[in-house]
Amino acid sequence: MTTAAPATGTTTAARVVDAVKVYGTGDTEVRALDGVSVGFPAGRFTAIMGPSGSGKSTLMHCAAGLDTLTSGTAFIGGTDLGALDDRRLTLLRRRRIGFVFQAFNLLPTLTVAENITLPMDLAGERPDRTRLDAIIDTVGLRDRLHHRPSELSGGQQQRVAVARAFAGDPDVVFADEPTGNLDSRAGQEVLRLLGRTVRQTGRTVVMVTHDPVAAAHADEVVFLADGRLVDRMPDPTAERVLDRLKAFEPAPSTQGAP
Amino acid sequence: MTSTRASVRISLSSLRAHRRRFVGTLTAVLLGVSFLTGTLVMGDTLRASFVALFGNAAGGTDAVVRSTNVVTVSGESEGTRQPVSTGLAQRIGQLPQVAAAAPDIQGAGQLIGADGEPIGGQGPPTLAGNWIDDPKLNPYRLAEGHAPSAPGEVVVNRGTADKGGLKIGDTTVLRTPDPVRVTVVGLATFGGEDGMAQVTYTGMTLADAERHLTPKPGQASGIQVRAGPGTSQQELVDALRPVLPPDTEAITGQASAAEDQDMISGAFLSLFTTLLLVFSGIVLLVATFSIHNTFAIVVAQRTRENALLRALGASRRQILGSTLTEAGIVGVTASAAGLAAGIAIAAGLQALFPAIGFPFPDGSLVISGVSMLLPLAVGVVVCIGSALVPAVHAGRTAPLAALRETAVDDSAASRTRAVTGLLLLLASVGVIMTGVLADPSVWLSAVGAVLALAAFVVLGPVASTCAVRVLGAPLGRLRGATGHLARRNALRSPKRTASTATALMIGVAVVSLFTVFGASLKATMNQTVDRSFAGDLAISAPAFGAGGSGLSPRLAPAVDRLPDVATAVGLGKGVAEVNGSGRALTVTDPAALAAVLDLGKVDGSMKALGTNGIAVSDTEADKLGLRTGSTTRLTFTDGKERTFTVRAVYGQPELAGDYVITRQAWAPHRGQDSDSLVAVSFKDGVSAADGRSAVEKAAAAYGNPEVQSRGEYAQSSAGGIDMMLTLVYALLALAVLIALLGIANTLTLAIHERTRELGLLRAVGQTRKQLRAMVRWESVLVATFGTAGGLLLGGFLGWVLVKASEGAGDTAFAFALAPARLLVVALVGITAGALAGWRPARRAARLDVLRAIATD
């Protein structure tokens, strides 16, 4: 709590401080995160980018309480995730975090409506009807509420996942390559949905992606390479992101921070 | 050649990779095969031991002389034979070929132990006879003390003495059934053991035996003969034949021993091994369903792998071959292990039996080729047979399936299945109704029962959707999202849910069937006593055939003389051939019978049967075409044929039996005399307690038999049924255990399949506890479905069995559902379901969230 947030002035919905994540030991040791400190401001849409193996997924998993750090701390709002046991962490994910994964976002046995309210159902809470209605209308799936996921297209399935992520009014929504399995048109639709939700209702979204076009929908892009934070880019466009990524390619490991 | 080798290599590597998945299958086959092996080995060993035992025991007897007049009542293992004269032994002894000849008197005699309780008598015979001094002619050997020489002296086999706490020098009572005071002067062994299984033996002097065990002195059951040196058994028999009186025969000692063996193996061992074989069949049937399910799931999970192999050029035959090889390897491994376990079980039982007081003859285990090959073959066939359909499915995998997302078969039940199942059900109900109601036949009912089982199996998937929806309905409300998800999971693959539950269903069905049948038997006995027993007290003792020595015929008159007693009537047993076939007769005082038994509608009079009158039940009368006033011929064991006139035809033969004659009519033909029941009614105004204590006091002088009220009498008649049920439950516990292993196995495989789903659930906020509960509730739902189906099927088949028995046996049979017991069965089934889900639930909860959501 005493450590100053890197992004000052605005509140941060989620942040990591000196995050280190090591997999394996000895010869097989891999440092997926090597001392990353980054905050994700509330009410903003942030994209995490980097070449494969840069640690961007690991960063997201640790920030979202799906994985634990080897050292360093991760916060959701003011809560130190490292201090929570598995049960409290699960309850935190249920109440304060929304998730959109690349694929397999929905339970095949549940209807669309049941999938959307799943986290609240698990908590045994009644969903807020007005907020739920608003979200269902935003994602445009009112006529599909009683269908099974297998009856929906890939794009529709991802929109259901987006609706579920926002339905519980979470502090932050983490999206892991949400458009990775979609064609470009369906992907665009999902990204616009994420952006629109952030801007219209002041939500916070953190998205991991390797696609510059997807990243361009964000308010800011943070670049990771070799487990380190190497750059931040406000108001990105696809071309600028692409250029920045190209800069990693010649000798990514020795270049260091710009 | 090479293609086969590829199949084998593929199956071996896949077995290695998925060892865990086959643990359940292996266990199921192993348990089934070991049960089967154990049964076969134990049966063979027991049989061999008995052969050795009789061989040893009868080793010195070269010939047996006995009467040819014998009456065998159907259903009894040994006929009643006319005695021979003891004087015959002396005559035979003078033949040059004969070294020794001794009369052999065999009768019933139940010893009273040091604690005042009778020893044995719960089935195995309580034998008494004359102690034969020639050690070669006597199967019993004196181990301690001396042979009986004075009146009242007896030798007892050591097992009996130990059980009754009797020592040499002790004085006790022998019920023959008249109480005889005896003193134990010696202890004997039989073939080196403390006794012949649970049979009790008392040897007395020849004079005592003639006095107490035969109707008149000078009679013996047979003559044991030993040949002189150089005379073979057959030569001895040939030499005996000319000196024998008419209606007497001589058989070799070997033939006699073979008859005894046949009796034991026929009556006791066959029943015992058949029962066990039936249960191993049930266990293996249950195992088959479990195994089939495992293979079906494994093949489904491997669709992509198989499709890849197909795409790379593997032929259908190779894929099919590799799956079947896999099943074969599992079958052979498990069966071999089961074989070893089965032999170990038999060895363990051999060691255990003596410890619980059942002298199991020494000798090595007999492991025949059949008891090796049969279980092995059954195990392998069960495995390969169960894998056949899944293997064919595997062979049909389209190469393109490699490109698709792995799809688990979640198709609902097809219309064909529903129609086939319903037709089967209709057919079974039709056949059963015909077999039960229209034209009573046990066989037709059995065919119907098999059809009903098939219908239930076929209809399983159709019913599972519906049933799980209904059974699981309260779950969502009670357990929220967790319950809701569990219900949905149980619903997602109706075929799998059904076949998992089927194994349990069969186990529970058999349990319920026996529960219902047992309860009905008990109810029937209660009803019989209720309907037919009009007295206040019953004094009963197991008769000779049932392991006791019966009641003294002098007890009834003694009780009848008591001031509190209005009537006391003794019922004894006789045998005779009526119209050429052996029948049991009830020997009693027919005139007084109506005071203590309700005989139903009586046509004619029971009052004056005399020495040539007989009363017949209406069913037997109908069969033989007899009416009041008509005559019939009875042939007794002494070869005498007498004409009897039917004086009465009565309606209720349940306690009175089918034929009633007077003591006077029976007396000339009788053997050792005994009653099996004395029915007592009090005078008006006598209280139950007063009457009872008076009767008990009087009975004490007659070997202290048990005096029971009507209710107690009804209960003790049904006592054996609870023992049988306990045995059946113990045997079926194994089948239920295998079914539960099947549920656990299916769940484990399902969890493997749903890794990503479980990861997602954990990510969006399902706690470990909720996840565990979700898996357990799914298990409970499947188990509940199986249990419910089993209760339904078992209850129905129980009813069928009761009705079919009633139709086949001419006796009224009560049907009792035993709701309390069935409720216990249901609770056990459901609880066991929760237990089966325990391990899979724990494994699921340990799942790493990241691995689950990241896997591709």
Side-chain angles (χ1 to χ4, degrees), chain A residues 21 23 32 57-58 60-62 64-68 85-111 114-127 148-150 154 161 164-165 167-168 170 173-174 176-177 180-181, chain B residues 404-408 410-412 465 468-469 472 475-494 497 750 753-774 778 781 845-856:
Chain A
K21 179 71 184 179
Y23 293 112
S57 281
T58 307
M60 192 211 97
H61 291 153
C62 292
L66 289 172
D67 203 353
T68 50
D85 61 11
D86 181 79
R87 197 182 67 88
R88 293 221 187 111
L89 211 52
T90 306
L91 297 184
L92 175 125
R93 285 201 301 270
R94 186 196 276 173
R95 299 212 173 97
R96 295 175 61 185
I97 303 177
F99 286 101
V100 182
F101 298 108
Q102 177 177 355
F104 207 87
N105 257 307
L106 308 177
L107 283 197
T109 52
L110 300 182
T111 62
E114 288 166 336
N115 263 295
I116 293 174
T117 57
L118 181 60
M120 284 161 278
D121 290 341
L122 285 169
E125 288 163 3
R126 294 210 149 273
R148 292 289 160 98
S150 57
R164 179 193 61 212
V173 169
F174 288 98
D176 189 359
E177 304 271 13
N181 269 17
Chain B
R404 288 197 294 265
E405 188 70 24
T406 335
V408 176
D410 54 359
S411 59
T465 311
V468 172
R469 209 165 267 156
L475 264 189
R477 232 163 296 136
L478 291 173
R479 287 281 170 269
T482 307
H484 189 60
L485 286 165
R487 179 164 163 249
R488 288 292 171 84
N489 281 336
L491 277 172
R492 65 201 294 174
S493 175
T497 300
E753 227 165 63
R754 297 177 199 156
T755 306
R756 306 191 71 179
E757 230 175 283
L758 297 175
L760 175 71
L761 273 166
R762 293 277 290 120
V764 301
Q766 188 176 42
T767 60
R768 288 215 160 101
K769 206 170 141 196
Q770 284 178 316
L771 197 153
R772 276 198 300 267
M774 180 180 85
E778 183 181 349
L781 265 181
R846 278 205 297 266
L847 205 75
D848 180 1
V849 182
L850 270 189
R851 178 103 50 91
I853 55 173
T855 46
D856 190 33

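Chain A is the first sequence line, chain B the second, and so forth, proteins listed ahead of strands; every chain is numbered from 1.
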Between [X] and chain A, which part of the residue has a heavy atom less than 4.5 Å away: side chain, backbone, both or neither?
| X | answer |
| --- | --- |
| B:Q770 | side chain |
| B:L491 | neither |
| B:R762 | both |

Most heavy-atom pairs under 4.5 angstrom with chain B, which of [options]?
| options | answer |
| --- | --- |
| A:L107, A:L91, A:L66 | A:L107 |
| A:L106, A:N105, A:T117 | A:N105 |
| A:A123, A:P108, A:A165 | A:P108 |

Under 4.5 Å heavy-atom distance to chain B, tell me which part of [X] shows up: side chain, backbone, both or neither.
| X | value |
| --- | --- |
| A:E114 | side chain |
| A:R164 | side chain |
| A:L118 | side chain |
| A:R96 | neither |

query: Going from CZ on A:R88 to OG1 on B:T767, what distance comes out if it is rounded to the nearest 0.5 angstrom?
result: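 So the gap between those two atoms works out to 13.5 Å.
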- request: Report the distance from atom CZ of A:R87 to atom CG of A:L89, rounding to the nearest 0.5 Å.
  value: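 Answer for the CZ-CG pair, A:R87 versus A:L89, is 11.5 Å.
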message: Working note: B:L771 + B:L847, criterion side chain to side chain contact (heavy atoms under 4.5 Å, CB included); need CA distance, chi angles, decisive distance, verdict.
response: CA-CA 10 Å; B:L771 197 153; B:L847 205 75; 5.7 Å; no
- prompt: Okay, side chain of B:R487, backbone of B:R469: is any donor-acceptor separation there less than 3.5 Å?
  reply: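 Side chain of B:R487 to backbone of B:R469: a pair is present.
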task: Keeping the roles fixed (side chain from A:R93, backbone from A:G65), state whether a donor-acceptor pair exists under 3.5 Å.
output: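 Flag set: sc A:R93 to bb A:G65 pair under 3.5 Å.
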field: Salt bridge flag under 4.0 Å for residues A:E125 and A:R94
entry: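 Between A:R94 and A:E125 there is no salt bridge, as every charged N stays at least 4.0 Å from the carboxylate O atoms.
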- request: Determine, step by step, whether A:H61 and A:K21 satisfy the side chain to side chain contact (heavy atoms under 4.5 Å, CB included) criterion, reporting the C-alpha distance in whole Å, the side-chain angles of both residues, the deciding distance to 0.1 Å, and the verdict.
  value: CA-CA 11 Å; A:H61 291 153; A:K21 179 71 184 179; over 6 Å; no
